[in-house]
Amino acid sequence: MKTALVTGASSGIGKAIASALIDQGMTVIGLCRSVAQLPDGVTPLSCDLREESAIRSAFEELEALDILVNSAGLAYLARICDGDPSDWEEMWRVNVHALGLCSQLALPLFPESGGHILNLSSMSGHRVPPTGGFYASTKFAVRAVSEALRAELKSLGNKTRISCLSPGFVDTPLLEKYFAGREDQLAETRANIDMLTPEAIAEAAVHILTSPPGVEINDILMRSADQAM
Ligand SMILES: NC(=O)c1ccc[n+]([C@@H]2O[C@H](COP(=O)([O-])OP(=O)(O)OC[C@H]3O[C@@H](n4cnc5c(N)ncnc54)[C@H](OP(=O)(O)O)[C@@H]3O)[C@@H](O)[C@H]2O)c1
């Protein structure tokens with residue numbers, strides 16, 4: 001039976017992926033702060049990903065892993081021209097720094113034959129939305145970290161596979177934060193776009209994580225059929 005660690009398993013995409021991996025018969029550990037919100041059957045691992053020491057302590061509790069899903073993340077509307085740099089800092093720490101550190105700490109826990117890391121990037125990691133502010137830079141960075149790690153592992157002969165998922169709008173609590181102060185825009189977006197569901201993203205995650213040995217799906221770009229950009 002495979003063991004998967006899913007960060008951000010208390011909400012949205014991470015929660016749907018954790019449930020889908022349970023349905024696949026895996027043992028799933030959910031890393032987040034709101035452990036009471038984890039889906040049934042997920043083993044809680046409480047951790048604030050803004051704190052490097054907390055991440056290191058959490059990983060000390062783990063013995064072996066086959067899969068790491070880095071789904072934890074957040075999006076503030078924090079513009080470069082006048083946004084709050086503390087919002088940039090929090091997004092950078094959770095979306096990029098913690099993702100890199102969790103990946104580094106997971107590697108020694110993977111089997112000799114290699115594990116699998118799945119990182120949540122975004123369509124905002126492929127093109128910069130005009131209102132995306134600092135957030136898009138973190139999602140471009142997720143892809144850069146993924147590519148860099150893949151190259152490093154190949155040079156070390158490590159068989160661990162690195163994948164990304166890059167969704168457009170997914171209807172989760174993240175959007176409330178992203179659209180804070182421009183709720184009318186969120187309502188308009190919801191009216192115009194039948195957004196992707198977390199379950200649709202989880203289906204793609206299962207496809208990636210159950211692909212045959214030797215197949216490394218590098219990225220899947222997914223948008224609602226209504227989303228133009
Ligand atoms: N929703 C979208 O439209 C969309 C589109 C493309 C990509 N994505 C990406 O998909 C991923 C998941 O987003 P989502 O929409 O599912 O968001 P969500 O519903 O808001 O869930 C975010 C998750 O991240 C965790 N998290 C945030 N800050 C944390 C911290 N300091 N320490 C530990 N955990 C923390 C939260 O757990 P706790 O609060 O319990 O700690 C929660 O489980 C993110 O990386 C996001 O950038 C989302």
Side-chain angles (χ1 to χ4, degrees), residues 5-20 28-39 42 44-55 57-59 68-78 86-87 89-102 117-127 129 131-143 145-146 164-180 185-186 189-190 193-202 204-205 219-224 226-227 229:
L5 174 66
V6 181
T7 75
S10 56
S11 178
I13 295 168
K15 190 170 192 170
I17 293 176
S19 295
V28 179
I29 302 159
L31 183 153
C32 60
R33 294 165 300 180
S34 319
V35 288
Q37 309 299 322
L38 289 168
V42 172
L45 185 58
S46 179
C47 177
D48 186 338
L49 289 169
R50 293 172 297 187
E51 305 294 336
E52 186 170 323
S53 58
I55 299 172
S57 302
F59 270 80
L68 167 66
V69 179
N70 282 307
S71 185
L74 68 155
Y76 293 120
L77 173 66
S86 68
D87 288 343
E89 167 74 13
E90 186 178 352
M91 284 192 279
W92 192 263
R93 288 207 74 81
V94 176
N95 298 4
V96 185
H97 188 276
L99 175 143
L101 184 57
C102 288
I117 298 176
L118 172 58
N119 292 328
L120 261 295
S121 179
S122 170
M123 282 305 300
S124 293
H126 289 266
R127 46 92 180 109
T131 55
F134 193 82
Y135 174 70
S137 75
T138 71
K139 291 295 156 177
F140 271 77
V142 167
R143 291 181 49 230
V145 167
S146 305
C164 285
L165 253 173
S166 297
F169 285 122
V170 187
D171 210 348
T172 73
L174 173 138
L175 295 182
E176 313 289 340
K177 215 175 259 175
Y178 190 55
F179 282 93
Q185 277 180 39
L186 178 55
T189 306
R190 283 202 167 114
I193 297 176
D194 190 10
M195 293 185 190
L196 295 169
T197 61
E199 290 70 29
I201 310 304
D219 200 353
I220 295 181
L221 282 64
M222 293 177 72
R223 275 178 280 210
S224 156
D226 297 329
Q227 187 176 341
M229 286 300 291

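In each ligand, atom 1 is the first atom listed, and ligand 1 is the first ligand listed.
Side chain of Asn70 to backbone of Leu120: no donor-acceptor contact under 3.5 angstrom is found. Without hydrogens or angle criteria, Thr138 side chain to Val96 main chain gives no donor-acceptor distance under 3.5 Å. In this structure, the side chain of Thr7 engages the main chain of Ala72 through a donor-acceptor pair within 3.5 Å. In this structure, Lys139 contributes its side chain and Arg127 its backbone to no donor-acceptor pair below 3.5 Å. The main-chain N or O of Asp48 is never found under 3.5 Å from a side-chain atom of Arg33 such that the two would form a donor-acceptor pair.
Considering both main-chain and side-chain atoms, Leu49 comes within under 3.5 Å of ligand 1 through a nitrogen or oxygen pair. Residue Ser34 has at least one nitrogen or oxygen atom sitting less than 3.5 Å from a nitrogen or oxygen atom of ligand 1, judged on distance alone. Considering both main-chain and side-chain atoms, Cys32 never comes within under 3.5 Å of ligand 1 through any nitrogen or oxygen pair. For ligand 1, the polar-atom distance check finds no N/O of Leu74 at less than 3.5 Å from any of the ligand's N/O atoms. Inclusion of Asn95 in the set of residues having an N or O under 3.5 Å from an N or O of ligand 1 is not warranted.
Scanning the protein for heavy atoms near atom 12 (C) of ligand 1, the closest one is Ser71 O, 3.1 Å. Considering only non-hydrogen protein atoms, atom 18 (P) of ligand 1 sits nearest to Ser11 OG, 3.5 Å. Here the protein heavy atom with the shortest distance to atom 17 (O) of ligand 1 is Leu174 CB, 3.4 Å. The shortest contact between atom 42 (C) of ligand 1 and any protein heavy atom is with Ser10 OG, 3.6 Å. At the top of the distance list for atom 48 (C) of ligand 1, counting protein heavy atoms only, stands Ile13 CD1, 3.7 Å. Nearest protein neighbour of atom 15 (O) of ligand 1, counting heavy atoms only, is Thr172 OG1, 2.5 Å. The single protein non-hydrogen atom nearest to atom 28 (N) of ligand 1 is Arg33 NH2, 3.2 Å, given as residue, atom name and distance. Taking atom 3 (O) of ligand 1 as the reference point, the nearest protein heavy-atom neighbour is Val170 N, 2.8 Å.
Taking CD1 from Ile13 and CD1 from Ile201, the interatomic distance works out to 5.5 Å, rounded to the nearest 0.5 Å.
Only side-chain heavy atoms of Lys139 come within less than 4.0 Å of ligand 1; its backbone N, CA, C and O stay farther off.
Within the 4.5 Å cutoff, the side chain of Arg143 has no heavy atoms near those of the Asn119 side chain. Asp171 is not listed as a side-chain neighbour of Thr197, based on a closest heavy-atom distance of 4.5 Å or more. Counting heavy atoms from C-beta outward, Leu5 and Phe59 have side chains that approach closer than 4.5 Å. Between Val35 and Leu38, some side-chain heavy-atom pair lies under the 4.5 Å cut-off. Under the 4.5 Å side-chain criterion, counting only non-hydrogen atoms from C-beta, Leu49 is in contact with Cys102.
Residue contact annotation: Met195 has no non-hydrogen atom under 4.0 Å from ligand 1.
Closest heavy-atom approach to atom 9 (C) of ligand 1 within the set Pro167, Ser121, Gly73: this belongs to Ser121.
Under a 4.0 Å criterion applied to the non-hydrogen atoms of Gly168, ligand 1 contributes the atoms 3 (O), 5 (C), 6 (C). Atoms of ligand 1 lying under 4.0 Å from at least one heavy atom of Phe169, given by number and element, are 3 (O). Atoms of ligand 1 lying under 4.0 Å from at least one heavy atom of Tyr135, given by number and element, are 7 (C), 8 (N), 46 (C), 47 (O). Against a heavy-atom cut-off of under 4.0 Å, Cys47 is close to the following atoms of ligand 1: 32 (N), 33 (C). The distance from ligand 1 to the heavy atoms of Gly12 drops below 4.0 Å at these ligand atoms: 16 (O), 19 (O). Heavy-atom proximity to Leu175, at under 4.0 Å, picks out these atoms of ligand 1: 3 (O).
The ring-ring contact (aromatic ring centres under 6.0 Å, His included) search around Phe179 returns none, not counting sequence neighbours.
Remark: of the listed residues Arg190, Arg223, Met195, Met195 is the sole one forming a side chain to side chain contact (heavy atoms under 4.5 Å, CB included) with Phe169.
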